[in-house]
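Reading through the structure tokens given below for one structure.
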Amino acid sequence: MKTKVFILCFAILACIVLLLNNASSVVYDVCEAMSDEEVSYDEFQVLIESIYNGECNEAMNVKTTFSMSKDDFSQLAYTYDIVDSEGNPLVFYRTGTPSAIGAGAILVYGNDGDFPVKLGDRLHIWTSGTPKDIIIELSIEGCDPYDDECDAICSYEDDYVCDPECYKDGERNDIQCDIDCVDQNNNHIVDEGDLDGICDPDCYNNDLDPKRAYDPDCIDFSNDKTNSDGICDPDSQGIRDGLCDPDCAPANHLCDFDCNGTSHPGNPHSYNDTDCYLCDGICNGFCSYDCAYLDHDPDCPEGFTGWFELAECCGNNNCGMSENCQSCPRDCPEDNISVDPPVEKNCSIFNEGPGDNFFCCPDANNSAMYGCANLTLNKQENESCTCQPECADGLVCNGPKGDTHCCSEGYKWDGTECKETLCSSSVSSCYDHWHWDNHGAKSRINIPIYTCDFFEVCHPVVKPIAQEIVSCCNDKCTGDCHSLCNKALHDSGLDVTDTEQTRKKCYGIYAIYGMGPAARWTRGYLLHTEEPASIMFSGQVWMCTGYAIMLTTLLRSVGYEKDEAYGICGPGHMFNIVKLPGDTNFHIVDTVGNCPSTYKQGNIPSMCVVGYSYCSYNNDCSPGMINDEGGRSTPPRSQVYGC
């Protein structure tokens, strides 16, 4: 047994000795080790010596991490005794196609000027001729931060080296920004420690820069907004760098966390970027970091999950699978004609010949992409139609679903003929039962009332206003219309798509703006007891209950159903709650005192009654919501935009 163990140990020892002997015979190959690698100046010297001594049999490719002047090459030649008979260095600088001269020299085919080899150069090195010349050829140019020229390649190198000639105060040289120049504190990020008093315009708002570098000295953060440059730097999105760009604080759907409303060295004027710290609740292709599930922002109904993790909703400039030109005219069709200035998004982009009449009409049998259809135009009264553009001027396409016809304005197809709708006797049970007829439902708004006494739908004073609303929308703001008529056209989508739905929506928004900022039929605020709508329209000034009664009366007079427009009461205030065509929820509307915000798509108004919480509405009115037909209890907050 001992003999077997001894033999085994001897065999293992013999193997170890053999391996050590073989290892000692392996020679480190300098040429192989450095081929296609980055080399330092010391390694480059060793490589030249190895090539000159014939230890490298194949051509070499290396990348430099240094620059060499002509004096450096002369010193290199002296070091390795590459000199002529008189002791002069055998270094020659050539141009053109590399070739040997047979002088045992170093031939440099590199950069012009005092630095033939620069930082980041790719060099091709080999020997040729008799005696052997070392040929150094520049294959890809690098950068030299020490000469008096701007080497653009320096901006693309990941070398933490700045060429100061490319980084000039107020001068543009149209090359990629070199973040190594901006990064004065060498921590490899842009922050407030990089303020050096130099603003290089190439390093600001440079969308072509893959490193997304920007120069903080170009941000006019220390001055008043009126002196700023109007650019919210793109690198502000979700980045905390200690610098608040004042141009990011207005609503622009970027987020600069350093504009947090508090004063600090990078935000001396306490600017507040509400895109970061306020959930807007609007479909606009942006979700604030501050959005939570209960905020019901249509861009992120589950709350913020990431800057680009957005839900599909109308108004985000993207035509989703469930959207078309009618359901979302703001986004569809998204294809557009490339003209300057750009035209509105509409179905005319599909017109290719004189016989084409493409309009938005998803219900048409031949509707195609985005709901656009080629229609027959100029249909006359009582003729069958599918969409509004088919009817001749002055006619409206309406009627029961699946049985629509062209009728005169103010008339609607009832299945057999066109009958009057604008202020017809069937519009409200209050028709011809106006003040003080004690007609309608018993309710309470501060005082006990009969609804028909106050909500005077189609009263002779109200009817001409209703006719103005309908005519201004249908005639695209021609004639005597209020100052915000075009905004009502745009906000309703009627300026892009003419349908019964967009017309009705325009009627509602025109009335809202007319009672609000346009101050068309009433102006200012006056503390006064309630009066019938006709009296208040004649008097032109009233308090919140008056504004709510008048707007409800107008909306009902232009065709809003009894379950679509109400006055609603909250603690110490009365306003309106309206369901516009296409809406799934109610909008809170407040026109009191001709409020400038009045109505906000997808959200509650602001600036009407300072500090008032609209979502705290309650049953101060009896019942909670009131119009000419009586009322109903208030809806749950989930059925009201912004609540």
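If you're wondering where the values come from, they're calculated on a predicted model, not measured in any experiment. The first residue in the sequence is number 1, and the count goes up from there.
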**Report entry** Distance SG-SG for C418, C407 less than 2.5 Å
**Finding:** yes
Query - Any donor-acceptor N/O pair, K562 side chain to N627 backbone, under 3.5 Å - result: no
Query - Side-chain heavy-atom pair T522, N594 within 4.5 angstrom cut-off - result: yes
Query - Pairs flagged by disulfide (SG to SG under 2.5 Å) wherever residues 482-519 is involved - sequence neighbours left out - result: C473-C506, C477-C485
Query raised in the report: So, D290 and S288: side-chain donor and acceptor under 3.5 Å apart, yes or no?
Result: no
Requested in this report: State whether a side-chain donor-acceptor pair under 3.5 Å links N576 with Y566.
Outcome: no
Report summary line: Tested for side chain to side chain contact (heavy atoms under 4.5 Å, CB included) against P605, the lone hit among T598, I588, I512, V589 is I588
Report task. Taking the two cysteines C372 and C361, decide whether their SG atoms are closer than 2.5 angstrom. Result -> no
Query raised in the report: By side chain to side chain contact (heavy atoms under 4.5 Å, CB included), which residues pair with H439, not counting sequence neighbours?
Result: H433, D437, C452
Hey, can you pull the donor-acceptor pairs under 3.5 Å for the side chains in residues 394-403, sequence neighbours left out?
| unit_1 | atom_1 | unit_2 | atom_2 | d |
| --- | --- | --- | --- | --- |
| N398 | OD1 | W413 | N | 3.0 |
| N398 | ND2 | Y411 | O | 2.9 |
| D403 | OD2 | W413 | NE1 | 3.2 |

**Report entry** Pair Y614 + F575: ring centers closer than 6.0 Å
**Finding:** yes
Query raised in the report: Mind checking whether S557 and C458 have side chains closer than 4.5 Å, heavy atoms only?
Result: yes
Report summary line: E531 meets the salt bridge (charged side-chain N to carboxylate O under 4.0 Å, His left out) criterion, sequence neighbours left out, with none
Query raised in the report: Under 3.5 Å, is there a donor-acceptor pair between the S426 and S424 side chains?
Result: yes
Query raised in the report: Does any non-hydrogen side-chain atom of S408 lie less than 4.5 Å from one of E381?
Result: yes
Report task. For the pair C325 and C347, evaluate disulfide (SG to SG under 2.5 Å) and give the outcome as yes or no after the intermediate values. Result -> CA-CA 8 Å; C325 57; C347 291; 4.0 Å; no
Query raised in the report: Is the count of non-hydrogen atoms from other residues, nucleotides or ligands lying under 6.0 Å from Y289 atom OH greater than 12?
Result: no
Requested in this report: Start with the C-alpha distance between C332 and C319, add both sets of side-chain angles, then the distance that settles disulfide (SG to SG under 2.5 Å), and finish with yes or no.
Outcome: CA-CA 5 Å; C332 309; C319 190; 1.9 Å; yes
Identify every side-chain donor-acceptor pair in residues 440-449 under 3.5 Å, counting partners at least two apart or on other chains, and give the distances.
| unit_1 | atom_1 | unit_2 | atom_2 | d |
| --- | --- | --- | --- | --- |
| R444 | NH2 | N446 | O | 3.1 |
| N446 | ND2 | E530 | OE2 | 2.7 |

Report task. Not counting sequence neighbours, which residues clear side-chain hydrogen bond (donor to acceptor under 3.5 Å, both in side chains) with D299? List them please. Result -> none
Requested in this report: Using only the SG atoms, decide whether C248 and C259 are less than 2.5 Å apart.
Outcome: no
Query raised in the report: Is it true that the side chains of D256 and Y271 contain a donor and an acceptor less than 3.5 Å apart?
Result: no
Report task. Answer with yes or no whether the side chains of Q467 and S471 bring together a donor and an acceptor at under 3.5 Å. Result -> yes
Report summary line: For K504, the salt bridge (charged side-chain N to carboxylate O under 4.0 Å, His left out) test, sequence neighbours excluded, returns E564
Query raised in the report: Residues in side-chain hydrogen bond (donor to acceptor under 3.5 Å, both in side chains) with K487, at least two apart?
Result: D491
Query raised in the report: Sub-3.5 Å donor-acceptor pair from the side chain of T404 to the main-chain atoms of C385, do we have one?
Result: yes
Query - K476: partners by side-chain hydrogen bond (donor to acceptor under 3.5 Å, both in side chains), with sequence neighbours left out - result: D498
**Report entry** With sequence neighbours excluded, residues passing side chain to side chain contact (heavy atoms under 4.5 Å, CB included) with N366
**Finding:** A364, A373, N374
Report task. Give yes when the SG atoms of C643 and C615 are nearer than 2.5 Å, otherwise give no. Result -> yes
Report task. Indicate whether the side chain of Y510 and that of E468 have a donor and an acceptor atom separated by less than 3.5 Å. Result -> yes
Report task. Flag the pair E312 / N318 as yes when at least one side-chain heavy-atom distance between them is below 4.5 Å, and no otherwise. Result -> yes
Query raised in the report: Sequence neighbours excluded, which residues qualify as side-chain hydrogen bond (donor to acceptor under 3.5 Å, both in side chains) partners of S534?
Result: E456
Report task. Please check if any side-chain donor atom of D628 sits under 3.5 Å from a side-chain acceptor atom of S428, or the reverse. Result -> yes
Report task. Using disulfide (SG to SG under 2.5 Å) as the criterion, list what pairs up with C291, not counting sequence neighbours. Result -> C279
Requested in this report: Show the numbers, then the answer: is there a salt bridge (charged side-chain N to carboxylate O under 4.0 Å, His left out) between D480 and R520?
Outcome: CA-CA 11 Å; D480 184 15; R520 179 68 162 182; 3.2 Å; yes
Query raised in the report: Do NZ/NE/NH1/NH2 and the carboxylate oxygens of R556 and E561 come within less than 4.0 Å?
Result: no
**Report entry** Donor-acceptor side-chain pairing of E629 and T451 below 3.5 angstrom
**Finding:** no
Report task. Would you please say whether a donor-acceptor pair under 3.5 Å links the side chains of D583 and H587? Result -> yes
